[in-house]
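Residue numbers start from 1 in every chain, and the chains themselves are labelled A, B, ... in the order their sequence lines are given, proteins ahead of strands.
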Amino acid sequence: MRKTGFIVASLAGLLMAGTAFAQTAVKIGVLNDRSGIYADITGEGSAVAAQMAAEDFGTDKGITVEVVSADHQNKPDVGSNIARQWYDTEGVDVIADVPTSSVALAVNDITREKNKIFLNSGAATSDLTGSKCSPNTVHWTYDTWQLAHGTGGAMVAAGGKTWFFLTADYAFGHALERDTSAVVTAAGGEVIGSVKTPFPGTDFSSFLLQAQASGAQVIGLANAGGDTVNSMKQAAEFGITQAGQSIAGLLVFVNDIHALGLDVAQGLVLTETFYWDLNDKTREWSARFEEKTGKKPSMIQAGVYASVLHYLKAVEAVGSKDPEAVMAKMKEMPTDDPLFGQGVVRADGRKTHDAYLFRVKKPADSKGPWDLYETVATIPADKAFRPLADGGCPLVQ
Amino acid sequence: MATQTSSLDLSRSAGVEAPGMPALHMWIFAGLLLFGLVAPYILYPVFVMKVLCFALFACAFNLLLGFGGLLSFGHAAYFGSASYVSAHAAKVWGLTPELAILTGTLAAAGLGLAIGSLAIRRQGIYFAMVTLAFAQMVFFFSIQAPFTGGEDGIQSVPRGHLFGLISMAPDRNLYFFVLAVVFIGLLVIYRIIHSPFGQVLKGIRDNEPRMVSLGYRTRRYKLAVFVLSAALAGVAGATKAIVFQLASLTDVYWTMSGEVVLMTLLGGMGTVFGPILGAAVIVTMQNYLATFGDWVTIGQGIIFVVAVMLFREGIVGVLARIIRRPL
Amino acid sequence: MSGDTILEASGLTKEFKGFVAVANVDLKVRRGSIHALIGPNGAGKTTCFNLLTKFLQPTRGTIRYNGRDITAMQPADIARLGLVRSFQISAVFPKMTALENVRIALQRRRGDSFDFWRSEKVLAAFNDEAAALLEDVGLTEFSATPAGELPYGRKRALEIATTLALDPEMLLLDEPMAGMTQEDIDRISTLIRRIAANRTIFMVEHNLSVVASLSDRITVLARGEVLAEGDYAVVSKDARVIEAYIGSGHG
Amino acid sequence: MFELLGIPPQALFGQLLLGLINGSFYALLSLGLAIIFGLLNIINFTHGAQYMMGAFVAWMLLNYVGIPYWGALFLVPVIVGVTGVVLERLLISRLYHLDHLYGLLLTFGLALIITGVFRNQYGISGLPYAIPGQLSGGQNLGFMFLPNYRGWVVVASLVVCLATWFVIEKTRLGAYLRAATENPTMVGAFGINVPRLITLTYGFGVGLAAFAGVLAAPIYSVNPNMGADVIIVVFAVVVIGGMGSILGSILTGFGLGLVEGLTRVFYPEGSAVVIFVIMAIVLLVKPAGLFGREA
C-alpha cells in the first residue's frame, strides 16, 4: 500500500550544528498527483526521488534539506491553493514535479509572482518554456513539442507516411495533434484524417474502426492516461496492429505499458527521455529507487531527482538560496547527473538532453516484468527539443 | 399532472417564526461579521476567502433545497459557468472585478433559467437526475469550448482594481471586498427566505398539491427560486474566480455538485446558518487533509452516510433543536 | 336556489395502462346544491374527483365550469376560477402555524407575487382576516400552533378554513369525514352546512349517514360508471346500488 | 458503391453494431436501476460503483483465487449482490419511511466511499483483465471485424435482460414483485415476507450491475472510476425511458446505445452529449419519459 503523509527529511542538521559553515535551510515541496491518473508516474515516487537527491547531494555541504509533499488531485485550483499556502505561510523555497499542464501553468504564475523557484518535471505543455515562460521556472524532463517531434519524425522516417489521429477533444489533445501533424507533414508524410473523441472516454472502438477504414499506416494517439490505455487495449481487441497498422503513442509512460501488459502494448512506438535500463548508472539508481518504492522509476521521477540535485548544486555554488542568483547559476552551470547525463538549462528554462525512440517489446523477448522497451533511435539533445528561438519566450528576445 | 409531494424532512427546527429578523439571528449575523473582520489577521486570508465563497455557494444551494424542497445535483454548473464567465470578463474584456462578478452572475442566472425551466418538469429524484445530467452537459461544453481553455482553465485572471480605483492585488484589500460581497449575498438569501415569496416557497415545500389547489402556479415559483439560487451560486463562483485568479473544470465537475450537497447536509438543510458551518468544515477538511488524497473522498462519503443515517438535521439543526429556536 | 348547472362533465373517461378507471361519466352539479359522489371501494370516485380538478388529465370527455370549457386548463388556474378542492389526506402545511396556513391562502390575492426582496412583515396585513377565519372553525386557541401538531379533526377544520379563505364559488371536498370521530363529524357537518349557504359543494364521501343528512343530490359510481343519480331516497332504494354495495361487502 | 450520408453502408452497419454493444451496458444498468426503483423507490446512486466492483471482483477472483472469467460471470453477481444485501439491511432499509431523496444522498455517499477505497487500494491506472481464451479472436463479417468477445457481450446481456423481463412480467414471483410495488401491505397479507422480497430485489439489481461489470472488464481497463462517468449517462437514459416498464428500460438502453453509435460517426464531438440533448428534448415533449407512467 502506498504511504501517505508528509515526508520530512531533516538531514544533516544535527551533524552540522557545530561546524563553522553558515547553514542554509532549503524546503522543497513536491506537488503532484498522489491519488489520480498520474499517481503511479509521479506521486510518492517523486517525493522519494527528491529525497534521494538530497541524500546523494550530501549532508556535509552546509545545506539542510526538508522535503514536503502534497496531492494536487490534478486540479489547478487545489494545486494553486497549496502552492500559495506553501510560499506564503510554510516557507517553501522550491516546488518540484507538478504533472498536469493546467496545474503546472497555475504554479508557474504563482511562483513568478512570489519570486520562488519551480522545477517542473511532470507537465507536458511546451508553453512553460514558450509563451508562458518564466524566469523562475525550469522545465526538466520532456514536453509536447519533444514528444511530437520524437515520435512523429521518427515514425515517418521509419516509413509511416500516412497518419490518422485519434484526438482527445480538449486543448491538450488538439495541441498534440497540431504539433505532430506539422512534424509529419514536414517530414514528407501525410495526415489523411482525424477524429475528435469525447474526453474522457471509455469506448474507442468506433473511432478505431474509422481509423482502420481510413487505411492510414500510422494511428496517432493524441491523448493521455486512461484514454490512451483504453484505446490501445481496444486496438488490440479489434486486431488493428495485426492487420498491419502501427500505433504511435504520443504521451505514454513506462508505467502505462507495465499496466497494459506486453500482449496488448507490443509494437507500440513512443518517445521518452529516460528509461531505467539505458546504462549502468540508470540501472544502479533505478535499483535503489525500486528498493524504496517497489517500482522502477518513470522518466518524471527521474527528472525530479535530477532537477533537485542540480538545484542543490547551484545553491551550494551561490552560497545562498536567493532565487535570482540560484536561477542564474542553474542556467550557467552545465548539468551532470547519473540519469540524464550532461546537459544545459537554457535561458527559457528548458533543460535539454537526449531523447529516445522506443518500441515496446514482444512478450517473448521480455526478460522480466519491467523489461519493456527496445531502443529504436537516440535523438540528440539539440534535435530533441524545440529550438530556443521558436518558442516565443519573451525571456530570449 | 404529477402530484407527488416532495416532503423532505426539512427544517424540523423551523417552527414558529416571528416576522422580521429575530434578535438571535441578528446577533449571529453580527458575530459572523465581526469574525469576518478579524479573521484575516488570525488566519491565512486566501483560505478564509475560499471558505467565504463556499459558504455563499452552500447557502444559495440551501435556498433551493431547504426552502424550495428541490434537490439539485448539478449546482456546479452555475457555480462553474459563472466562474468561467467572470474570469473571461476580467481577463479578456478587462472588466473591473465587481463588473466581472456581475457578468458571471447574470450568466449563471441565464443558465439557471434555461436548465430550470426543463428540470422543473420532473420532481423528486427525477429532478435530481435531470439537473445532474444537464450539469454534465455543461461540463462537456466547458472542456470543449475554446474560451474556457479546456482543462487548463482560464489562468492568470487579473484581480484588477475595484471600481477601477482600489487595487485588489494585496490579499487584505481583496479580502474585505470578498467579505462584503459574500455578506451581502447571505443577507439577500435571508431576506428571500423571509419574504412573502419565501412564504409561498415554504408552502410548496411542505405540500405542493395543496398550493396548486389554492391556485398557486407552483412551477413558476419553483423556477423563480431555481434562478435565484443559480444566480447566487454564480456570485460565489464568480468571486472565487477572482480570488484564485483561475476558473477551472473542477468548478463545473459533478463532484463539486456533490460537495455542496454535503456542506448543506452536514450543516443542516433548511437552516439559515447551517450551510455556512458545513462549508467551513468541508473546506477546512479538504485544505488540511489534501495530502491524504483518496482519504478525503472516503471521508466525505462517510460524512454523507453518517449524516443521512444519524443526524439528518445537520449540526446546526441539532443545535437549534437543543435550544428550541430556529437557526 | 337557482337551478342552473355550475359544473358539468360529459363523457368523462380516464384510462390507465390496461384498465379504465372512469368510463364515460356524465355529471351535472346544480348551483347552490350539496352534491355527493358515492360508491364502493375502487369505484373511481377519487379518480373522478381528480379529473374534475384537473389533477389528472382525462383521456376523453369535457368539463365545463360556469359554461366555460376547462378541460385543457391547469389545476392552479381552475382554482383561480373559484373551483377549489380539498384532499383526502388532510392537506395542511405542517411546519407552518395555523394562522400562517390560512394566511397563505389569503396571500393569493396579492397575485403572482415574486417579491423576494420585501420583508414578510407585509403579510401581517392579512392576520386579522386569518384570525377571523380560524375563529369561524373554532381554532382560535390554536392559531400559533404548527399545523402538524394539531389533532386530526382540527386539521380538517383548518383545511376548510384555508379553503374558505379563497372565498370559492364551489368547493370540492374529498372524503371530508374520513377517519373522524363522531364528535368531529358533527362539528364538520355543521360547518359544511353553514358554508353551503351561498356556495356549491361537491363531495366524495364514504359515510352514508353524513351523505344522507347533508346532500341534496347523490351520484353513485361503480366500476367507473354512473350507476344511479337522485336524492337519497331515490338512490337508497335503487336495486343496482344495493347490489353494488352488498356485492363489495359494504353496508 | 453507393453511400449513405457520406458513409459506406458497411461501415454504418459496423458502427451500429458497436452502438448495440454499448447499449448492452446501458440496458443492463438501467434495468437494474429500474428494478430497484420499482420496489424500493430509491435511485441507487451506488449503481456505478457496484458495476465497478463487479469488474474488480472478477479481477480479484482471477488473480487471488485463480477463478477464470466463466466462473466469475456467475460468482461475481452473487458476491457483489450479497454486499448489496448487506448494505440494504444495514443502511438503506432504515430510510424507507423518509423522503426518497435521502436514499439518493445515502447511496451517493456509499458510492464515494467504495470508489475511494478501491482507488486507494489499486490506484487509478487500471488493471488488465484478459479476454477469455474461448472468446479471443474475431469474425470477419465483411463489413467489419467483430471481436468474438463483443458479440458475446450483446448476446449475454440480451439473454439476461429478456430473462429478467420474463421473470418479472410472466411468473408468479414477478407478479408478487409487481404487486408489492403497488401495495406492500396487501402482499404482506398473502403471507409473503415483503422486507425480504425488497432486500432480495436490491441484491438482484446490484447483481445485474456487477454482471455488467464482469462483461466490461475485458473491454475497458478495470478502473475505480469506470462507474462514476457511466452512471450519469445511465441516469439520463433512465430519465428518457421513464422507468415505467422493464421492457421500456431495456429498449431505451439499447436504443440510446445505437443513437450514440451513430453520433460517433456523423458528429464524433457530440457523442458525449447526444444522450443529454435527447433528454432535454424528451423533457420538453414528454416529461414523463418515453415509457413513463403518468403521474
### Query
Given a strict heavy-atom distance threshold of 4.5 Å, which part of D/Ala111 is in contact with chain B: side chain, backbone, both, or neither?
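The answer is neither part of D/Ala111.
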### Query
In terms of heavy-atom proximity below 4.5 Å to chain B, should D/Phe235 be classed as side chain, backbone, both, or neither?
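Both backbone and side chain of D/Phe235 come within 4.5 Å of chain B.
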When you measure from the side chain of [X] to the backbone N and O of [Y], does any donor-acceptor pair fall under 3.5 Å?
{"X": "B/Tyr126", "Y": "D/Gly242", "answer": "yes"}
{"X": "D/Arg94", "Y": "B/Met309", "answer": "no"}
{"X": "B/Arg122", "Y": "D/Pro287", "answer": "yes"}

Hey, are the side chains of [X] and [Y] touching, using non-hydrogen atoms and a 4.5 Å cut-off?
{"X": "B/Arg312", "Y": "D/Leu98", "value": "yes"}
{"X": "B/Arg121", "Y": "D/Leu284", "value": "yes"}
{"X": "D/Val277", "Y": "B/Met137", "value": "yes"}
{"X": "D/Ile113", "Y": "B/Val305", "value": "yes"}
{"X": "B/Leu265", "Y": "D/Leu105", "value": "yes"}
{"X": "B/Phe304", "Y": "D/Leu110", "value": "no"}

For [X], is it the side chain, the backbone, both, or neither that has a heavy atom closer than 4.5 Å to a heavy atom of chain D?
{"X": "B/Val261", "result": "side chain"}
{"X": "B/Gln144", "result": "side chain"}
{"X": "B/Leu262", "result": "neither"}

### Query
Quick check: are there more than 12 heavy atoms from other residues, nucleotides or ligands sitting under 6.0 Å from OH of D/Tyr96?
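Yes.
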Nearest 0.5 angstrom please: [X] [atom1] to [Y] [atom2], how far?
{"X": "D/Leu101", "Y": "B/Met269", "atom1": "CG", "atom2": "CE", "answer": "8.0 Å"}
{"X": "D/Asn41", "Y": "B/Ile125", "atom1": "CG", "atom2": "CD1", "answer": "6.5 Å"}
{"X": "B/Leu132", "Y": "D/Ile232", "atom1": "CG", "atom2": "CD1", "answer": "4.5 Å"}

### Task
Quick one: closest heavy-atom pair of B/Val130 and D/Met279, and the distance?
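Minimum heavy-atom separation between B/Val130 and D/Met279: O-CE, 3.8 Å.
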### Task
Please find out if less than 6.0 Å separates the ring center of B/Phe134 from that of D/Phe276.
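No, ring centres 6.0 Å or more apart.
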### Message
Would D/Leu95 and B/Val308 count as a side chain to side chain contact (heavy atoms under 4.5 Å, CB included) here? Give the steps.
### Response
CA-CA 9 Å; D/Leu95 298 179; B/Val308 170; 3.7 Å; yes
